[in-house]
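First the structure, in the form of structure tokens, and then the observations on it.
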Amino acid sequence: MMTQEEFKQEVKRIRSHLVTTAQRYLHDADEAEDIVQDVLLQLWQMIDTLRIPFDSLAGILVRNRCIDKVRRQKPVVRMEQLVDAYEEDVDQDLLERTMRMVETLPDMQQTIIRLRHMEGMQMSEIAQLTGSTEVAVRKALSRARKALAEKVRGLDY
């Protein structure tokens, strides 16, 4: 059983690392602090079952909370911005149908498509943000593109 003093000492030792990890995922210092605070509260509630060191558990909890937060975020790019970004002769109806098709993909594929094609992020950045490997991100992106291509082939023009 861990004492309150042992818990406080362990938190002092790992807190800055947890905040840094959260900031890498969220790119927002305030949100990172909130996530770390929530995780530390969760760990405090588990004090009777914790053993030192618990930095691995804390790191996993922070990473998972950050990924959940990123997945829940609405896409930054709005439909109107996409239409404005394209040339005038782009069929707006086709663009809207394509966006609706993206929304039918599994959550991870939607996230990767949006991060890659709407945010312009590199594979390594997406891998870091999702807590995955570059290979897994490339495979998921490939599957998402293939699924979209199959959906487009099924449309009647």
Heavy-atom side-chain contact between [X] and [Y] under 4.5 Å:
X: Arg138; Y: Met123; answer: yes
X: Val137; Y: Thr133; answer: no
X: Met108; Y: Arg71; answer: yes
X: Lys146; Y: Gln109; answer: no
X: Val70; Y: Thr130; answer: no
X: Ile35; Y: Leu18; answer: no
X: Leu105; Y: Leu148; answer: yes

Side chains of Gln9 and Glu5, donor plus acceptor under 3.5 Å: yes

Flag for Arg114-Gln110: side-chain donor and acceptor within less than 3.5 Å: yes

Sidechain N-carboxylate O distance under 4.0 Å for Glu10, Arg13: yes

Heavy-atom pair with the smallest gap, counting every atom of Tyr25 and Gly131: OH-CA, 3.8 Å

Plane angle bin for Phe7 and Trp44 - parallel if under 30°, tilted between 30 and 60°, otherwise perpendicular: perpendicular

